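Only one structure is covered here, and it is reproduced in the block below.
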Amino acid sequence: MNIPYLSLIVFLPLVGAILIALMPRPGDRTVKLTAALFALASLALSIVVFLGFDRSVPVGAGIQPQFEEIASWIPAIKVSYHLGVDGISLPMLGLTTFLGFLSVLVSWKIKLRVKEYFIWLLLLETGILGVFTALDLVLFFLFWEVELIPMYMLISIWGTGRKEYSAIKFVIYTLVGSALMLAGILSLYFLTGSFDMTRLLMTGAGAAAISIFFLIFAAFAIKLPVFPLHTWLPDAHTDAPTAVSVILAGVLLKMGGYGMIRISVSIFPDVAHRFAPILVIFAIVSVLYGAVVTVRQTDLKRLIAYSSVSHMGYVLLGIFALSQVSLTGAALQMFSHGVVTGLLFAMVGLVYDKTHTRSIPRLGGLARQMPIIVVVFSVAGLASLGLPGTSGFAAEFLVFVGSFSSTAFDGIRFYVILGVAGIVVTAGYILWMLQRVFYGPPLDAYNGVGDADTLERVTIFSLVAAIMLIGIYPRLLTDIINLGVIPVVSRLGG
Amino acid sequence: MSLLLPEISLVVFAFIVIVFDLLNKKAVLPWLSVAGVVVAAIFAIAMWGLNTTSFAGMLFVDSFSIFFKYLFLVVALLIILSSRDYVPKFARFQGEYYALVLLSSAGMMLMAATGELISIYIALELTSISLYILASFLKDTRSSEAGLKYLLLGAISSAMLLYGMALVYGLTGSTHLGNIAAAITTRGVTGDPALLLGIVFMVAGFGFKIAAVPFQMWVPDVYEGSPTPVVAYLSVASKAAGFAVILRVFYGAFGPPLSISLDWALLFAVLAAVSMTVGNVVALVQGNIKRMMGYSSIAQAGYLMVGLATLSVLGRSGLVFFLASYAVTNLGAFFAIIAISNKTNSDQIEDFAGIARRSPWLAAVLALCLISLIGLPPTAGFIAKVYLFSAAVQDGLLWLVIIAVINSVISAFYYLRVVKVMYLGTPASEERVPSSGAMRFALGVSGLAVLFIGVLPGYILQLAQAVAKVFPS
């Protein structure tokens, strides 16, 4: 029996959202339980897909999607409803459903306009799931756009600080990127006559290929983000509500990296080769600039937000080092960073819930008052700086080894070494932040603030488990990622 | 004669409505008008599949004109239903209101069906004069000013149109569109500057109707002053009729493979770019929602003109599909605006604050339609833009598409501002916004259509392609 697993995974959150919308005057608990139920259903199905994924090595140079679903949608312009997962998108799918479910749990204490909140959250999840499973460019673009309005509403209604400004900034930045991406996608269709992501390939680095590459790349560069297009990120992350920050940093940014691998590098391998040097330089600038700016932050949430700029620089480095190991590292870093930063934002949310402040100078010595939160926060911080034993180490190690040994262009080793220096700075700000906020003498102001309760513990412990699991046995994921990377590398010419 | 039954039935029912108004049976007026539309629709449905001409080639009955008949009838029906709450505000002439709607619909249906310049002009005048009167129906200073401005500017543009037609007639010796095309080749006047001048004048005349820059000066004031159902009607039906006429005239008389088609295609491309930009940029600073929608419709006319610049079947079908999607979207938005403004007694955007709390479904439909106007999925507007822009890229107009997508980003700012005010603002009071059953039906149809066309566009796309194939090339 052919169950359309992927369609179910993508659209179950949407069904949940519609169900909640149609409920007449539901209680808060009902809404939350419904949302959790549908997010859990998606998570369960994605585990089924994960376990059912065929791990035998593929033959041939094309992308080999599994669990494929294809149906003609707009025959006039040859657009089809085409879903599928391969080695690169499967971890992303799992990450999205995992973080999606956890963000519902993180949002359990929302009191304002609960029904609308969960409708938008579930809609957002559908959009992101669609991006990772779509194999038709128009469908990809459609899901890419779907996440805009839910993000706008979530940030501007339930956010803090300059929420309306941050929300509209996010929308405009993203829309400019997608506007250019649309122009690029349509030009690509005009030149090749197809929207099928599994079969498209533009060899050569002629003017047409280069301009289309950059039109589409613009959207991913804004999303990842790449310096200097990153300025929307600190505002959006800081002013969004906790669960939205978890999804934003954990999953949304990965849409950019995924797009780069799936479209920019796979469809335009020669252009990618030609511009790899420049893009690696931008990657290192992102890493170093992000790290250095992070050191100066005094708002806990903003600190974590800026650290994302730095960590996503490693993803960009791994992608445009154009070697098998570095691409695997980049994909693993996307997963790892998703879990780690998701955990970090969840922890910041917890600290804020208990102490009502995010300002580092005002916090201090919380280890005595909230031991569980401190331990988990420390684990998350250590994973962020790449301590061996955590998924962060596995990912960054692969990226660095892969990039260092890459033959993409001469002089790449110099940039990789600079990138490694970024880890030193990362260690600096993470440890300094931990020391200032948690260790040190306890402050009387925070006596009796309480630790994480049961639901919160479930959430954060599962994230810690994921970090540790991948850190100790990264093969769980890298075997699968490798399957997806091999076709890409063969297109790049090895 | 039987081919004119839809139009004739509309005119007949218009007079019946006026008579019933004289007899003071006000309650039954809207339903009589609906009956008129339904009767006309039945005749139009019976005509589907025909492909003939009549009246010595002056009347075309093909899939193009029949599609537009359906479009105008559906729009008229929805407008009449949504006016039910509004019309009792008029102290007198309620019957005349409905009659004028029916008459202008008849005029629009004729505009899409005729193939001869003078008949086009007559149909245009029938439509326009009814609309001029409808614009001034509220009898306050703003409405009268709106009506007068519309009349004066409309008269000037009609004069320009007629002058252009005269020039074309002088050069080609015929007013039948098909004969004009033949005459241009046989008489060798293709490069003649007088022909180009005639075409430019005709563009000016039609450009007024579709609210293209630089013929758009009437739009903000007329949109602000006229009764809102009339504004909805104007923004959708009048624009669709204008584009139908442009398609008929320019592809019928001056179409490819005549070399002059390259000239007017370029003209439309430039006008498109300018209209989009002017419309979107000026809309950013509007505080009155009807004025904002006016500038938004100027920008949408810009997007639509991209389809004219492509000179291909794909572009034409994209234009027709965009028209259909724009029709349901704009109607849905305006219906919601009518309902909300009726309750808040204000057209200012800031008075829409917190509507999402008072009437969630009303706000949802308005938000959905605004999102469709931006062109975000899963709405009809998204599919329309992807489809139309892919046609433009195929025809080498990448520069225009880039301008268009950047404009979509700019437009997001002011459309989202309304959404933001509705969802984030604190409402002045907590009462629900009431709406009659008819209004809710109209809203529901529009909203569902926007979603349906956005998710399953296949059927409307096929229709649009059939319509576009009427013209050769």
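The chains referred to below are lettered A, B, ... by the order of the sequence lines, with proteins before strands, and numbering in each begins at 1. What you see is a predicted model; the values in this text were computed from it and never measured.
In this structure, chain A has a heavy atom under 4.5 Å from the side chain of B:Q465, while its backbone stays farther away. Proximity to chain A is absent for every atom of B:I410, based on heavy atoms less than 4.5 angstrom apart. Only the side chain of A:Y152 comes within contact range of chain B, judged by heavy atoms closer than 4.5 Å.
Taking both residues in full, the closest heavy atoms of A:W73 and B:P457 are given as NE1-CD, 3.7 Å, listed atom of the first, atom of the second, then distance.
For the pairing with B:F382, the ring-ring contact (aromatic ring centres under 6.0 Å, His included) check across A:W144, A:F143, A:F141 returns one residue only, A:F141.
Contact residues of residues 7-25 of chain A toward chain B are A:A21, A:L22 (heavy-atom distance under 4.5 Å). Residues from residues 182-195 of chain A that place a non-hydrogen atom less than 4.5 Å from a non-hydrogen atom of chain B comprise A:L182, A:A183, A:L186, A:S187, A:Y189, A:F190, given in numerical order. Taking 4.5 Å as the heavy-atom cut-off, none of the residues of residues 445-453 of chain B approach chain A. At a heavy-atom cut-off of under 4.5 Å, chain A is reached by B:A412, B:F413, B:L416, B:V419, B:K420, B:Y423, B:L424 from residues 412-424 of chain B, listed in order of number.
Distance check, rounded to the nearest 0.5 Å: CD1 of B:I374 to CD1 of A:I149 gives 5.0 Å. Taking CG of B:L461 as the reference point, atom CD1 of A:I74 lies at 6.0 Å (rounded to 0.5 Å).
Among B:I402, B:I406, B:I371, the residue with the largest count of heavy-atom pairs under 4.5 Å with chain A is B:I371. Of the listed residues (A:V146, A:L142, A:V79, A:L175), the one with the most heavy-atom contacts under 4.5 Å to chain B is A:L142. Ranked by non-hydrogen atom pairs under 4.5 Å with chain B, the options A:S156, A:G127, A:S72 are led by A:S156.
The number of heavy atoms from other shown groups lying within 6.0 Å of CZ (B:F441) does not exceed 12.
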